[in-house]
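Only one structure is covered here, and it is reproduced in the block below.
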Amino acid sequence: MKRKTNSNIYKIVGDIVYLTVIRKDGTKHDVLFDSEDYADISQRNWHVLDSSGFLYIRSTQSEMLQRRIANTPTGLECFFKNGNTLDCR
């Protein structure tokens, strides 16, 4: 199933959601997260943030996607299991 919301494109395949975020220059980045988070995550507009050579996904309210999904408290760091900053499963 494909659905476009808030200028982001979502594709759900089984238990995985593929979020395509398109930058102003037309570059597309695919982000992965679990389908159980879709209802919450799809309510926001997400953008690509380039920080120190790493790509992260941030909402228009400056909320980081990985921190939202992991419910990371302020003051703690959020790490990516496989090192891929666009894989938030």
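For clarity, every value in this text was computed on a predicted model and none was experimentally measured.
- Ser62 OG to His47 NE2: the interatomic distance, rounded to the nearest 0.5 Å, is 9.5 Å.
- Looking only at distances, no side-chain donor or acceptor of Trp46 sits under 3.5 Å from a matching main-chain atom of Thr60.
- Ile16 meets the side chain to side chain contact (heavy atoms under 4.5 Å, CB included) test with Tyr18, Leu32, Arg89; sequence neighbours excluded.
- Here the closest heavy-atom approach between residue Asn84 and residue Asn82 is recorded as N-OD1, 2.9 Å.
- Counting all heavy atoms, side chain and backbone alike, Tyr56 lies closest to Thr85 at CE2-CG2, 3.7 Å.
- Not counting sequence neighbours, Glu36 has no partner by the side-chain hydrogen bond (donor to acceptor under 3.5 Å, both in side chains) test.
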Open item on the list: Run Val48 and Arg58 through side chain to side chain contact (heavy atoms under 4.5 Å, CB included) and show every step you take.
Closed with: CA-CA 6 Å; Val48 176; Arg58 179 178 73 180; over 6 Å; no
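- Taking the side chain as every heavy atom from C-beta outward, Asp40 and Arg44 approach each other to under 4.5 Å.
- No single ILVMFWY cluster, assembled from side-chain heavy atoms under 4.5 Å apart, contains both Val31 and Met64.
- Remark: Thr27 pairs with Arg23, Asp25, His29 by the side chain to side chain contact (heavy atoms under 4.5 Å, CB included) rule, at least two apart or across chains.
- Side-chain contact between Asp34 and Val17: absent, with no pair of heavy atoms (C-beta onward) separated by less than 4.5 Å.
- Leu55 and Leu49 end up in different hydrophobic clusters when Ile, Leu, Val, Met, Phe, Trp and Tyr side chains are linked at under 4.5 Å.
- Separation of atoms CD1 (Ile41) and CG (Asn8) is listed at 10.5 Å; rounding is to 0.5 Å.
- Distance check, rounded to the nearest 0.5 Å: CG of Asn71 to CD of Gln66 gives 12.5 Å.
- Of all heavy-atom pairs spanning Arg68 and Glu63, the tightest one is CD-OE2, 2.9 Å.
- Hydrophobic clustering (side-chain heavy atoms under 4.5 Å, transitive across Ile, Leu, Val, Met, Phe, Trp, Tyr) groups Phe33 together with Ile57.
- Taking hydrophobic clusters as Ile, Leu, Val, Met, Phe, Trp and Tyr residues chained together by side-chain heavy-atom distances below 4.5 Å, Val21 shares a cluster with Ile12.
- Scanning all heavy atoms of the two residues, the minimum distance from Ser35 to Gly14 falls at OG-O, 4.0 Å.
- Looking at Asp30 and Thr20, their side chains do bring a donor and an acceptor atom within 3.5 Å of each other.
- In this structure, Tyr10 and Tyr38 have perpendicular ring planes: the angle between them is above 60°, well past the 30° mark.
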